[in-house]
Amino acid sequence: MGGWSTAMSWLSMRSLVARIRRKLARIGAVAASRPPSSRRQAIERIQKSPGLLVPWLDLIGLVKEDFPSSLREQVLSHDLTRSGVILCFQEELQNRMAADLNQASLQLKQEDPVAVCGVVAAEMIRLKTIAQCRDAHAEGNYYRDAEPHIQKQWDGVIWPIIQDLDFREVLELAPGHGRNTELLRRLAGSITLVDVNLNCIEACRERFGEQRDGCRFRYFVTDGDTLAMVDSSSQTLVYSFDSMVHFDSSVVRAYVLEIARVLRPGGSAFLHHSNYGTVAPNSDWAHNHGNRSDMTAELMRGFAAEAGLDVAFQRLSGTADGWGLEDLDAFTVLRRPAVA
């Protein structure tokens with residue numbers, strides 16, 4: 001396998017960076033106004049236009065030194081400024097955060113602006129990483145180039161871990177163009193495919209249709225951190241390989257909570273995720289080795305406990321599995337406790 005995953009991720013990110021630069025050039029005038037010189041002035045601007053991103057970014061910049069160190073590091077690494085990459089997604093974030101920003105603007109009248117901005121900043125970071133990761137994997141070349149490697153990965157890494165799991169009702173999270181699905185369908189009674197990219201869902205639908213060799217398929221587009229379209233206690237297995245490695249830790253937490261909801265009692269989740277947070281905590285995945293996020297194996301265990309899931313299996317994954325850096329990733333199997 002070598003360093004193919006790192007190389008493919010680099011090519012994908014190079015394409016994303018080029019698109020971001022073009023978009024930033026087009027929207028450069030958006031943040032052309034002079035930044036506020038004080039917290040008071042920044043808050044006054046927010047009160048006038050609470051749903052706009054830039055006034056909040058200005059206030060975050062003025063109060064960030066008073067944030068807890070971990071959040072301050074995240075704000076810096078994700079460049080939450082009026083000239084940062086976040087502006088590429090400002091319309092999307094303004095739409096998704098509209099109610100939260102309006103509520104936060106009311107809280108500014110009575111509460112500590114540091115605390116209010118801390119909540120806003122954390123949500124901005126979470127939604128920015130979803131949008132950035134989605135756009136980085138919108139093109140099909142990565143999936144085409146990765147496809148020839150999946151059988152070796154399946155035989156050598158994946159199957160030894162998942163061979164005893166229940167494949168009757170499978171949910172595959174972030175399937176891309178279906179290279180894992182092709183192998184899962186030979187075992188599953190049904191597969192529910194959920195991806196943040198519509199073009200990935202369309203590619204899988206074209207590839208597999210509604211039914212193939214006795215396996216039924218369903219297709220859904222997610223907003224990037226929920227499985228709201230999937231019924232509770234309906235899945236025997238949730239599967240995600242070579243996708244969650246890019247998900248910010250806050251996004252992984254949201255998905256683990258959802259996984260706990262959709263799994264049947266006794267059901268399992270096989271999750272391939274980053275462990276790079278041990279090297280670069282509170283970092284931006286887009287700038288990390290192999291585009292890995294700030295997740296860790298330890299964080300996954302904590303998220304599992306919070307969701308009421310057991311950690312049935314976990315091991316670190318690195319150069320022996322082809323990732324190019326020792327202990328870069330982790331494989332975790334979570335299990336929902338069976339009903340007594």
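Residues: numbered from 1 along the sequence shown. Note: hydrogens, waters and symmetry copies are ignored here, and every other heavy atom, side chains too, is used. Since the structure is predicted, the reported quantities are computational estimates derived from the model, not experimental observations.
Put simply, the side chain of Asn288 does not reach to within 4.5 Å of the side chain of Ser293, judged on heavy atoms. For the pair Asp284/Gln132, a side-chain contact is recorded, criterion being any heavy-atom separation below 4.5 Å from C-beta on. Looking at heavy atoms from C-beta onward, Ile161 lies in side-chain contact with Phe313 at the 4.5 angstrom threshold. Counting heavy atoms from C-beta on, the side chains of Thr129 and Trp285 come closer than 4.5 Å. Looking only at side-chain heavy atoms (C-beta outward), Cys215 and Ile191 come within less than 4.5 Å of each other. In this structure, Glu172 and Leu184 have side chains that are in contact, with non-hydrogen atoms separated by less than 4.5 Å. In this structure the side chain of Leu334 reaches within 4.5 angstrom of the side chain of Val311, judged on heavy atoms. Here the side chains of Val116 and Leu108 are in contact, with some heavy-atom distance below 4.5 Å.
For the side chain to side chain contact (heavy atoms under 4.5 Å, CB included) with Ile86, the qualifying choice from Leu57, Leu127, Ile125 is Leu57, the only one to do so. For the side chain to side chain contact (heavy atoms under 4.5 Å, CB included) with Asp58, the qualifying choice from Val54, Ile60, Leu62 is Val54, the only one to do so.
Connection of Val114 to Leu106 is not established within any shared hydrophobic cluster, with ILVMFWY side chains joined at heavy-atom distances below 4.5 Å, either directly or through further cluster members. Hydrophobic clustering of Ile, Leu, Val, Met, Phe, Trp and Tyr side chains at less than 4.5 Å, counting indirect connections, keeps Val194 apart from Val245. A single hydrophobic cluster is not seen to contain both Met97 and Val119; linkage of ILVMFWY side chains at heavy-atom distances under 4.5 Å, directly or through other members, places them apart. In the hydrophobic clustering of this structure, Val157 groups with Leu165; members are Ile, Leu, Val, Met, Phe, Trp, Tyr whose side-chain heavy atoms approach within less than 4.5 Å, directly or through other members. Hydrophobic clustering (ILVMFWY, side-chain heavy atoms < 4.5 Å, transitive): Leu187 and Leu183 are in one cluster.
For the pair Lys128 and Asp79, the salt-bridge criterion is not met [side-chain N within less than 4.0 Å of a carboxylate O]. Ion pair Arg218/Glu210 not flagged as a salt bridge, since none of the NZ, NE, NH1 or NH2 atoms sits closer than 4.0 Å to an Asp/Glu carboxylate oxygen. Ion pairing between Glu258 and Arg261 holds under the 4.0 Å rule for side-chain N and carboxylate O. Look at Arg96 and Asp223 and you find a salt bridge, because one of the NZ, NE, NH1 or NH2 atoms lies within 4.0 Å of a carboxylate O, short of that distance. Remark: Glu147 does not engage Arg144 in a salt bridge, criterion side-chain N to carboxylate O under 4.0 Å. Salt-bridge annotation for Arg40 and Glu44: present, with a side-chain N of the basic residue lying under 4.0 Å from a carboxylate O of the acidic one.
For the atom pair CE of Met229 and CG of Leu171, the computed distance is 9.0 Å after rounding to the nearest 0.5 Å. Atom CD1 in Ile130 sits 12.0 Å away from atom CG in Asp135 (nearest 0.5 Å). The CG atom of Leu316 sits 5.0 Å away from the CG atom of Asn275 when rounded to the nearest 0.5 Å. The CZ atom of Phe89 sits 7.0 Å away from atom CZ of Arg134, with the distance rounded to the nearest 0.5 Å. Rounded to the nearest 0.5 Å, atoms CG (Leu53) and CD (Glu92) are 11.0 Å apart. In this structure, CG in Leu299 is found 10.0 Å from OG in Ser274, a value given to the nearest 0.5 Å.
In summary, the side chains of Glu91 and Asn95 do not present any donor paired with an acceptor at a separation below 3.5 Å, with no hydrogens or angles considered. Neither side chain, Asn291 nor Tyr276, offers a donor N or O lying under 3.5 Å from an acceptor on the other. For the residue pair Asp294 and Ser249, a side-chain donor N or O sits within less than 3.5 Å of a side-chain acceptor on the partner.
The closest donor-acceptor contact from the side chain of Asp195 to the backbone of Asn197 lies under 3.5 Å. Judged by distance alone, the side chain of Thr222 and the main-chain N or O of Thr226 form a donor-acceptor pair under 3.5 Å. Remark: the backbone N or O of Ser240 is not paired with any side-chain donor or acceptor of His272 at under 3.5 angstrom. In this structure, the side chain of Thr81 engages the main chain of Gly84 through a donor-acceptor pair within 3.5 Å. A donor-acceptor distance shorter than 3.5 angstrom exists from the side chain of Lys64 to the backbone of Gly61, with no hydrogens or angles considered. A distance-only check finds a donor-acceptor pair linking the side chain of Gln47 to the backbone of Ser105 [under 3.5 Å]. Panel note: side chain Trp56, backbone Pro50; a donor-acceptor pair is recorded below 3.5 Å. In this structure, Glu111 contributes its side chain and Gln107 its backbone to no donor-acceptor pair below 3.5 Å. Asn102 contributes a side-chain N or O that, together with a main-chain N or O of Ala98, makes up a donor-acceptor pair within less than 3.5 Å. Within the 3.5 Å criterion, the main-chain N or O of Gly209 finds a donor-acceptor partner in the side chain of Tyr219.
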Could you walk me through whether Val238 and Val262 pass side-chain contact (heavy atoms from CB on, under 4.5 Å), step by step?
CA-CA 9 Å; Val238 175; Val262 304; 4.1 Å; yes

Any chance you could lay out the side chain to side chain donor-acceptor pair (under 3.5 Å) test for Gln235 and Arg264, step after step, and finish with the verdict?
CA-CA 6 Å; Gln235 305 299 305; Arg264 293 183 185 178; over 6 Å; no

Chi angles and distances behind the side chain to side chain donor-acceptor pair (under 3.5 Å) call for Ser190, Glu169:
CA-CA 5 Å; Ser190 74; Glu169 303 286 341; 2.3 Å; yes

Stepwise side-chain contact (heavy atoms from CB on, under 4.5 Å) test for Asp242 and Tyr142:
CA-CA 12 Å; Asp242 199 27; Tyr142 173 85; 2.6 Å; yes

Step by step, work out the salt bridge (Lys or Arg N to Asp or Glu O under 4.0 Å) result for Asp213 and Arg186.
CA-CA 8 Å; Asp213 299 333; Arg186 303 170 192 178; over 6 Å; no

Could you give me the CA-CA distance, side-chain angles and deciding distance for Leu271 and Ile259, then say whether side-chain contact (heavy atoms from CB on, under 4.5 Å) is met?
CA-CA 11 Å; Leu271 305 176; Ile259 287 168; 4.0 Å; yes

Check step by step if side chain to side chain donor-acceptor pair (under 3.5 Å) holds for Arg336 and Ser233.
CA-CA 10 Å; Arg336 179 177 173 184; Ser233 302; 2.9 Å; yes

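Classification of the Phe217-Phe208 ring pair by plane angle, with boundaries at 30° and 60°, yields parallel. Using the six-membered ring where Trp is involved, Phe241 and Phe270 have ring planes that are parallel, under 30° apart on the 30 and 60° scheme. His137 and Tyr143 have tilted rings, their planes meeting at an angle from 30° to 60° on a 0 to 90° scale.
Within a 6.0 Å radius of CD in Glu306, other residues, nucleotides and ligands contribute more than 12 heavy atoms. Heavy-atom neighbours of Gln163 CD from other residues, nucleotides or ligands within 6.0 Å: above the threshold of 12.
Judged by a 6.0 Å distance limit and a 45° cone about the ring axis, Arg292 is positioned over the six-membered ring of Trp323.
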Contacts table for residues 65-75: side-chain donor-acceptor under 3.5 angstrom, sequence neighbours left out:
| unit_1 | atom_1 | unit_2 | atom_2 | d |
| --- | --- | --- | --- | --- |
| Asp66 | OD2 | Arg39 | NH2 | 2.6 |
| Arg72 | NH1 | Phe67 | O | 2.9 |
| Glu73 | OE1 | Asn282 | ND2 | 2.7 |

